[in-house]
Amino acid sequence: METGVISSDEFVGGFDLYRTLESGQSYLWTRSDGAMYTDQPAPNAWYETVVDGVPIRVRQPDSTNADLEWRAGEDAVPTIRRLLRLDDDLEAIAADAPDDALIQEAYAAHDGMRLVEDPAFGTLISFICSAQMRVGRIHTMVSTLAGEYGEPYTLEGDTIYAFPTPKALAAATEADLRNLSLGYRAPYVERTARMVAEGEAHPDEARALEYEAAREHLTQFVGVGDKVADCVLLFALGFDEAVPLDTWIKSAIAEYYPDCDRGNYADTSRAIRERLGGQYAGYAQTYLFHHLRTGAVDSSA
DNA sequence: ACCCAGGATGTAA
DNA sequence: TTACATCATGGG
């Protein structure tokens with residue numbers, strides 16, 4: 001086992017682990033106190049995951065913008081930096097955020113929140129599960145899948161389950177998945193897992209494409225429409241311009257940016273993407289989503 | 001009881 | 001192309 005500390009001196013623009021991992025972007029980490037998505041931070045708890053066969057845990061005991069402690073099966077610093085996007089110049093990204101009262105308010109309220117860059121397959125399945133679900137339950141569903149079909153790893157005597165491989169997940173039947181309370185998403189997950197396991201397609205292929213072509217490409221997976229595709233592009237494949245149009249963002253468009261509503265996903269997406277700054281529109285979207293979802297909007301403004 | 005949640009799919013026009 | 005019913009589940 002290896003241990004270490006990534007110094008806060010390296011976080012340009014700050015870093016908040018709690019906000020980054022409990023803002024509805026990633027469902028592939030669990031918290032050692034089992035209380036994720038209870039709106040209750042626990043700075044001493046570990047966030048745990050397994051990536052490429054390496055169990056990893058991180059924590060930020062002194063809270064926002066403090067040093068990040070890590071422990072892992074091997075030197076995991078490059079992996080952690082990539083997963084949590086610690087090399088992003090968040091100071092520059094925030095400075096370039098659109099000159100818009102609501103967006104500025106969101107950036108100011110959630111200092112240090114970064115985008116994540118999660119493994120593509122787990123993200124794909126997570127957001128297939130996300131349809132008409134609250135973030136807390138999405139996390140529960142993904143954790144259940146990991147516990148049932150994922151490989152167990154041991155770190156400091158504790159068991160951490162990896163997200164299932166495509167092959168392992170493809171072994172589940174629709175009935176199996178329904179029994180895990182996936183509801184009508186069960187056949188989507190089963191069929192998409194089989195597509196990937198059989199080599200018919202892989203979400204990573206979208207990396208090579210231009211943004212809108214990449215989004216279209218991902219919709220070949222069963223249970224993946226434009227919105228879920230945008231989430232995979234933003235949270236796993238590095239498309240920082242992707243703006244997932246979920247219920248929260250749609251209501252924000254209706255209330256704050258009504259001129260961006262063009263009646264269909266593709267055109268509305270272009271309009272709101274432009275409004276949110278283009279290149280890093282997905283970053284602004286993630287701040288806006290978290291700001292709205294946590295009920296932190298200043299209604300007096 | 002009713003409504004909603006990081007929606008997608010199949011069918012009909 | 002767009003409109004609409006249907007699809008599970010749990011929490012407020």
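Just so it is clear: chains get the letters A, B, ... in the order the sequence lines come, proteins before strands, and each one is counted from 1. Heavy-atom basis, side chains included; hydrogens, waters and symmetry copies ignored.
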Pairs under 3.5 angstrom, nitrogen or oxygen only, protein versus nucleotides 2-5 of chain C, please.
none

N/O to N/O distances under 3.5 Å, protein versus nucleotides 9-12 of chain C:
unit_1  : atom_1 : unit_2    : atom_2 : d
dT9(C)  : O2     : Arg137(A) : NH1    : 3.0
dG10(C) : O4'    : Arg137(A) : NH1    : 3.3
dG10(C) : N2     : Arg134(A) : NH1    : 3.2

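Applying a 4.0 Å cut-off to non-hydrogen atoms, the residues of residues 211-238 of chain A that approach DNA chain B are Phe221(A), Val222(A), Gly223(A), Val224(A), Gly225(A), Asp226(A), Lys227(A), Val228(A), Phe235(A), listed by residue number. Taken residue by residue, residues 280-295 of chain A places heavy atoms nearer than 4.0 Å to DNA chain B at Gln285(A), Phe289(A).
With respect to Leu83(A), the side chain to side chain contact (heavy atoms under 4.5 Å, CB included) criterion is satisfied by exactly one of Val116(A), Val51(A), Leu21(A): Val51(A).
dA8(C) and dT11(B) have their P atoms separated by 15 Å, given to the nearest Å. For dA5(B) and dA3(C), the C1' atoms lie 22 Å apart once the distance is rounded to whole Å. The separation of dG6(B) from dA5(C), taken at their C1' atoms, amounts to 22 Å, rounded to a whole angstrom.
The cluster map of Ile, Leu, Val, Met, Phe, Trp and Tyr, joined by side-chain heavy atoms under 4.5 Å apart, puts Phe127(A) and Leu245(A) in the same cluster.
The pair Glu156(A)-Arg57(A) meets the salt-bridge criterion, with a side-chain N (NZ, NE, NH1 or NH2) lying under 4.0 Å from an Asp/Glu carboxylate O. Ion pair Asp259(A)/Arg275(A) flagged as a salt bridge, since at least one NZ, NE, NH1 or NH2 atom sits closer than 4.0 Å to an Asp/Glu carboxylate oxygen. In this structure, Lys227(A) does not pair ionically with Asp230(A), as no charged nitrogen and carboxylate oxygen lie closer than 4.0 Å. Note on Glu190(A) versus Arg194(A): salt bridge recorded, some NZ/NE/NH1/NH2 to OD/OE distance being below 4.0 Å. By the 4.0 Å N-to-carboxylate-O rule, Arg31(A) lies close enough to Glu22(A) to be salt-bridged with it. Salt bridge status for Glu10(A) with Arg81(A): present, with a side-chain N to carboxylate O gap under 4.0 Å. A salt bridge does not link Glu48(A) to Arg71(A): none of the charged side-chain nitrogens sits closer than 4.0 Å to a carboxylate oxygen.
Where DNA chain B meets chain A (any atom under 4.0 Å from a heavy atom), the bounding nucleotides read 5' to 3' are dC4(B) to dT9(B).
Under the 3.5 Å distance criterion, the side-chain polar atoms of Gln104(A) are left unmatched by any main-chain donor or acceptor of Ala101(A).
Taking CG from Leu180(A) and CZ from Arg185(A), the interatomic distance works out to 13.0 Å, rounded to the nearest 0.5 Å.
Among pairs with a residue in residues 117-128 of chain A, those fulfilling salt bridge (charged side-chain N to carboxylate O under 4.0 Å, His left out) read Glu117(A)-Arg207(A), at least two apart in sequence or across chains.
Cation-pi geometry between Arg293(A) and Trp248(A) is not satisfied (NZ or CZ under 6.0 Å from the ring centre, within 45° of the ring normal).
Each of Ser130(A) and Tyr188(A) was matched to the nucleotide of DNA chain B holding its nearest heavy atom; the match closer to the 5' end belongs to Ser130(A).
Ring orientation note: the planes of Tyr280(A) and Tyr283(A) are nearly perpendicular, at an angle over 60° on the 30°/60° scale.
Of the N and O atoms on the side chains of Asn65(A) and Asp111(A), at least one donor lies less than 3.5 Å from an acceptor on the other residue.
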